[in-house]
Number of protein chains: 2
Amino acid sequence: MVRDRGENGSSDKVGTICRALRRAIIEQALEPGAKLPEDALGERFGVSRTIARHALGQLAAEGLVELRRNRIAVVATPSWQEARDTFDIRIELERLVVRQLAGRLSKAQLATLRGHVDAEDAARGGPDAVSIRLATEFHVLLATMTESPVLIRYVSEIAYRCCLTLSLFSRPHSSECAINEHRLLIDALEAGDGEKVASLMHHHLDSVAERALVAQAKPRGRDIMDILAPYADMTPAPAGGPGRKRRLDAAE
Amino acid sequence: MVRDRGENGSSDKVGTICRALRRAIIEQALEPGAKLPEDALGERFGVSRTIARHALGQLAAEGLVELRRNRIAVVATPSWQEARDTFDIRIELERLVVRQLAGRLSKAQLATLRGHVDAEDAARGGPDAVSIRLATEFHVLLATMTESPVLIRYVSEIAYRCCLTLSLFSRPHSSECAINEHRLLIDALEAGDGEKVASLMHHHLDSVAERALVAQAKPRGRDIMDILAPYADMTPAPAGGPGRKRRLDAAE
DNA sequence: GGCATATAAAGTGCATGCATGTTTTTTGCC
DNA sequence: GGCAAAAAACATGCATGCACTTTATATGCC
């Protein structure tokens, strides 16, 4: 019932593409700056450019994609400042979530949450991208339990944006402590002290942001100039030239 | 510079339509439930259905429009519960805004704000719709001064949704006190105590919501059954039949 | 050979057309 | 005249086509 209302409500084709792209983005299969040509998307998903275009529009409204007139759409590349601001908003929103949830979750819901954290635990050995996605989905799951469509939508949206940001700024993802914090959060929710759990959430998100955005004034390398700086004085090509697939994509 | 990034970034045609519709909605020129056929919009704005459709998609993403498959799009009709939730979110977001702004506004900015409130004052005699719009725009103006694109976007979006809600639930708009609260807010912002002004904002929005949503369990009449209840036992038609223009529109 | 310019390729911006589904009107029946 | 079914009108869902802009490639000049 409460479902949907995250997409636009239009067809399912647009929704499908949105979901697929969203997931690809937050799993870093599509890195920030990666090009998203309408034709390619259309062909890939078996629809016309019209639909692909519409999907890109939705994603742009969510802030996951950047649309520039007459230019190929690209995965959004939030600035450090935007990242910081986004986290600030997220903190307030998620404080609201847990305050509404404290002491009001059923046993089944608590079990669901703990199950999810177990999944996070299980994914610890695997690729970073999956860990980040699962961590994000934990928060979305929490929001879903408020059953407030508006809150669900905003938390999801902003959590995905934060996810994108994390993939941009923090390469060595340290999710171990985060997982533990998720467990503490669930316990506090069960105990039921609203302010206590709000404060826990605040510190949790604060430290996630901190771990990622440690006083880094610039993105860690999305800027082509930064990436190339160390190589600037190397000789043109170390003979391994021809086989190099032209696969830059991200960062143009 | 910081401008835009509220639309989608695509053409300007889509943006123009979005702006126009948004304004029409928050001024109640288009009431909740009003139909928005693609052809009509396209013709009105001199574009094809494709563009009108895209614009509707954007507005749906903002929650101002409801899109149902194969059905004419309509202006959103938020439920009472959604309205309450929306205001809760808004409170947190705007507390964030004023906390960031407290003591940091230039003289020019303070003057701009006071000028806006003067405009609100001047509009007191006029139509309710304009008062509501101006009050909403005051909050958007505040958000803009944070220069945080993310915050600006979310506050604007949610303020417009609240605006829509207000038009739905509170007919006798009592904006006089709100205007005064705006002045107090500005003074507190100038003084610079972040927590003080956050608390002021909290109470301001709380009372706005309260004035509008006073324990009303259902929308004040958007439901056709409610509207018709008092008339249910009247005779079919009091002879004034033929001339009645079929102008229901809202509430189908 | 290096750089500016011209040319081709690729991509978006947008309107139009047809298929399909929904709403209203008309028709037929009682 | 009142009601149910059929048909017309209406509206969306989507693909395709063309014009225009940007980007990549090739050409020509020095």
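Here is the naming used below: chain letters follow the sequence lines, and residue numbers restart at 1 for every chain.
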Below 30° counts as parallel, above 60° as perpendicular, anything between as tilted: where do the rings of A/F138 and A/H116 land?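 Because their plane-to-plane angle lies in the 30° to 60° range, the rings of A/F138 and A/H116 count as tilted.
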Kindly determine whether A/R153 and B/E157 satisfy salt bridge (charged side-chain N to carboxylate O under 4.0 Å, His left out), including the steps that lead there. CA-CA 12 Å; A/R153 179 170 153 233; B/E157 210 176 291; 2.8 Å; yes
Separation of atom [atom1] in [X] from atom [atom2] in [N], rounded to whole Å:
X     : N      : atom1 : atom2 : value
B/R53 : D/dA15 : CZ    : C1'   : 12 Å
A/L41 : C/dT12 : CG    : C1'   : 13 Å
A/D12 : D/dG13 : CG    : P     : 12 Å
B/E66 : D/dT12 : CD    : P     : 15 Å
B/H54 : C/dC14 : NE2   : P     : 9 Å
A/E43 : D/dA15 : CD    : C1'   : 15 Å
A/D39 : C/dG13 : CG    : P     : 11 Å
B/F45 : C/dC14 : CZ    : P     : 15 Å

Taking the side chain of [X] as its heavy atoms from C-beta onward, which of [options] lies nearest to it?
X     : options                : value
B/I51 : D/dC14, C/dA15, D/dA15 : C/dA15
B/K13 : C/dT12, D/dG13, C/dC14 : C/dC14
B/T50 : C/dT12, C/dT16, D/dT12 : C/dT16
B/K35 : C/dT12, D/dG13, C/dT24 : C/dT24

Would the base of C/dG13 count as contacting A/R49 through its side chain, where contact means a donor and an acceptor less than 3.5 Å apart? yes
Using a heavy-atom cut-off of under 4.0 Å over every strand shown, decide if B/R71 touches base, sugar-phosphate, or nothing.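 Sugar-phosphate, no base atom in range.
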For B/N70, report the nucleic acid contact type (base, sugar-phosphate, nothing); a contact means any heavy atom under 4.0 Å.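 Sugar-phosphate, backbone atoms only, no base.
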Where the side chain of B/E92 meets the backbone of A/L96, is there a donor-acceptor pair that is under 3.5 Å apart?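 No, B/E92 side chain to A/L96 backbone: no donor-acceptor pair under 3.5 Å.
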Side chains of A/H139 and A/E94: is there a donor and an acceptor less than 3.5 Å apart? yes
Would you kindly compare B/S48 and A/P37 by the position of their nearest DNA chain C nucleotide and give the one closer to the 5′ end?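 Between the two, 5'-proximity favours A/P37.
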Go through it in stages, so that I can follow the logic: the residues are B/V150 and A/R161, the test is side-chain contact (heavy atoms from CB on, under 4.5 Å), and I'd like the CA-CA distance, side-chain angles, deciding distance and then a yes or no. CA-CA 10 Å; B/V150 206; A/R161 287 186 77 151; 4.1 Å; yes
